[in-house]
Amino acid sequence: MAALVGRRVLLQAFRVQAAERESVCRLAATSTCTRHYVFSGKVSPSCRLNGPGPAPRHYSSDSKDDLRVRYLDGEDAGIVVVGINRPKAKNAISKNLVKMMSEAVEDIKKNNKVRSVILCSLVPGIFCAGADLKERAKMHQSEVGPFVSKARALITELGNLPIPTIAAIDGAALGGGLEMALACDIRIASNTAKMGLVETKLAIIPGAGGTQRLPRVIGVSLAKELIFAARVVDGIEACRLGLVSHSVEQNKSGDGAYLRALELAREINPQGPIAIRMAKLAINQGIEVDLSTGLAIEEACYAQVIPTKDRLEGLTAFKEKRRPNYKGE
C-alpha cells in the first residue's frame, strides 16, 4: 500500500515537471523573444554582482536594479546568484520585486544547466526587511490580500525549484525576508545577522509560509515561541536553534555568509545533477508522509537515475580513477 501511495506521489510530481517542460517547449516554438542574462567569471569576495564586467540583467526600465541575476561561468558554471538590491528600502518586498523575482525563478526553473542557486543581498547589513510597509500603507484594503497571495506564490515557487537553493543571510532577515530564506534548502548566516518573524508586532501573522515552514525547520514549540513573541535572534542563536545550517564570522566587506554559500555551491556543482534533483524530490516528498511511503518514494526516485548516462559515467570514472564529467543526461 505504501509503495502504491509513494508511486502516486512521485507520479504526480513527475507530471508537474513534464507539464512544465512541455510548456517551455511550446513557448520556445511560438516565441521569438528571449530573456537575456549575463554570464560572468568567478565572483570575487569584494565585488559579488557589483564588480567589473558586463552589466547584469535588466528587467524593466523602472526600478531595473531592484534585482540582479548572474549566471556564473568557467568552473562555476551552473551556479546562479540572485541578488536583491533595494538599498533605500532595506530590500523590502515590493510589487516590482515580486514581479522580477517571479520572472527570475521561472527562468531558472526552465534552465536544465542550472545546478544551484544562491539568494543573497547586495545591500550591506540587510538581507530583506520584509514587506515594503510604505508601499503597503498606500494600498487599498482590497489590494493587500492579492499582493500577499502573489508573494506567497513566489516563495512557494522558490521552494519548489528542483535544484538546491542556498540563502546567504549577511544582514537582517525579518518577516517576509526570513520566509523567503525558509523556502531555501539551506540557510547560512553571518554571526551578526538578525532573523525573526515579527509580524505579530503589527497585529498580523506571517503570511508567506512562515507559520508552516518555521515549525518544520526548528520544531513546533520553538516556532510558536519565536512567532508569538516576535523574537529576533542573531546568527549564532539561529544556528543553535537549527534555523540556519552554518553561522560564520562576518568579514570587513560584509559578505561572509555569501562566501560560505559560494563554497557550498562549489561543493555541490561537480555532483550528478539528475541525482541531486532526485535526492531533493525524495527528501521533500518523503518528509511529508509516513516512513513506509517515504521509502517507496525513494525507490521511485532511485529508479529515475538508473537509466541515465551520468550513472554510467560515474562508474566508468571510478574504474578509471578520474573525476567524472556529468552532463545531466
Side-chain angles (χ1 to χ4, degrees), residues 9-25 27-28 34-35 37-43 69-82 104-120 157-168 183-188 245 258 260-287 297-329:
V9 171
L10 260 295
L11 182 60
Q12 183 178 6
F14 289 139
R15 280 174 176 170
V16 170
Q17 291 180 1
E20 288 171 351
R21 286 196 295 269
E22 185 179 348
S23 175
V24 173
C25 292
L27 181 64
T34 59
R35 289 181 178 142
Y37 296 88
V38 173
F39 293 81
S40 73
K42 293 182 180 178
V43 180
V69 180
R70 181 163 285 190
Y71 285 58
L72 307 189
D73 63 6
E75 293 182 1
D76 290 336
I79 301 173
V80 180
V81 182
V82 178
V105 168
E106 187 66 22
D107 290 340
I108 289 168
K109 185 166 60 175
K110 294 174 183 177
N111 191 331
N112 285 331
K113 293 183 180 180
V114 176
R115 298 196 178 188
S116 63
V117 175
I118 298 173
L119 178 63
C120 65
E157 285 301 303
L158 176 65
N160 287 340
L161 281 173
I163 58 342
T165 52
I166 308 168
C184 294
D185 297 308
I186 300 164
R187 286 161 297 284
I188 298 173
S245 300
Y258 168 76
R260 181 65 184 89
L262 187 58
E263 286 179 10
L264 179 56
R266 286 170 175 162
E267 286 184 61
I268 294 169
N269 229 22
Q271 316 311 326
I274 297 175
I276 288 176
R277 287 172 180 247
M278 287 300 100
K280 177 170 177 173
L281 181 62
I283 294 169
N284 285 0
Q285 296 286 340
I287 202 68
I297 290 172
E298 180 185 78
E299 182 181 3
C301 286
Y302 195 99
Q304 299 301 310
V305 302
I306 291 174
T308 64
K309 294 179 181 179
D310 281 352
R311 186 183 72 88
L312 298 177
E313 164 63 11
L315 292 172
T316 302
F318 178 78
K319 182 180 179 180
E320 297 175 356
K321 297 181 180 180
R322 61 171 174 82
R323 181 177 175 177
N325 180 24
Y326 296 125
K327 297 180 179 179
E329 299 175 354

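Quick caveat, the model's predicted, so the values are computed rather than measured.
- In this structure, OG in Ser245 is found 6.0 Å from CD1 in Ile186, a value given to the nearest 0.5 Å.
- Smallest separation of non-hydrogen atoms from Asp185 and Pro164: OD2-CA, 3.2 Å.
- Put simply, the side chain of Arg311 gets close to the backbone of Ile306: a donor and an acceptor are under 3.5 Å apart.
- Of the inter-residue distances, the one linking Lys327 atom NZ with Asp310 atom CG reads 9.5 Å to the nearest 0.5 angstrom.
- Residues Tyr326 and Gly314 approach most closely at OH-CA, 3.4 Å, considering heavy atoms.
- Interatomic distance, CG of Leu312 versus OG1 of Thr316, reported as 6.5 Å (0.5 Å rounding).
- Side-chain contact between Ile108 and Val82 is present, with heavy atoms from C-beta onward closer than 4.5 Å.
- Annotation for Cys184 and Thr165: closest pair CA-OG1, 3.2 Å, computed over non-hydrogen atoms.
- Separating the OH atom in Tyr258 from the CG atom in Leu119 is a distance of 12.0 Å, to the nearest 0.5 Å.
- Of all the heavy atoms in Ala275 and Val305, the pair that sits closest is CA-CG1, 4.1 Å.
- Between Asn111 and Tyr71 there is a side-chain heavy-atom pair separated by less than 4.5 Å.
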Please assess Val81 against Leu72 for the test side chain to side chain contact (heavy atoms under 4.5 Å, CB included), listing each intermediate value before the final yes or no. CA-CA 8 Å; Val81 182; Leu72 307 189; 4.2 Å; yes
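- Electrostatic pairing of Glu75 and Arg266 does not count as a salt bridge here, judged by no charged N lying under 4.0 Å from a carboxylate O.
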Side chain to side chain contact (heavy atoms under 4.5 Å, CB included) between Asn160 and Val105, worked out: CA-CA 10 Å; Asn160 287 340; Val105 168; over 6 Å; no
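- Looking only at distances, a side-chain donor or acceptor of Lys280 sits under 3.5 Å from a matching main-chain atom of Leu161.
- Closest heavy-atom contact between Ile118 and Ala168: CG2-CB, 4.3 Å.
- Note that the SG atom of Cys301 and the CZ atom of Arg277 stand 13.0 Å from one another [nearest 0.5 Å].
- The NZ atom of Lys109 sits 10.5 Å away from the CD1 atom of Ile163 when rounded to the nearest 0.5 Å.
- Salt-bridge check for Glu313 with Arg322: passed, with a basic side-chain N closer than 4.0 Å to an acidic carboxylate O.
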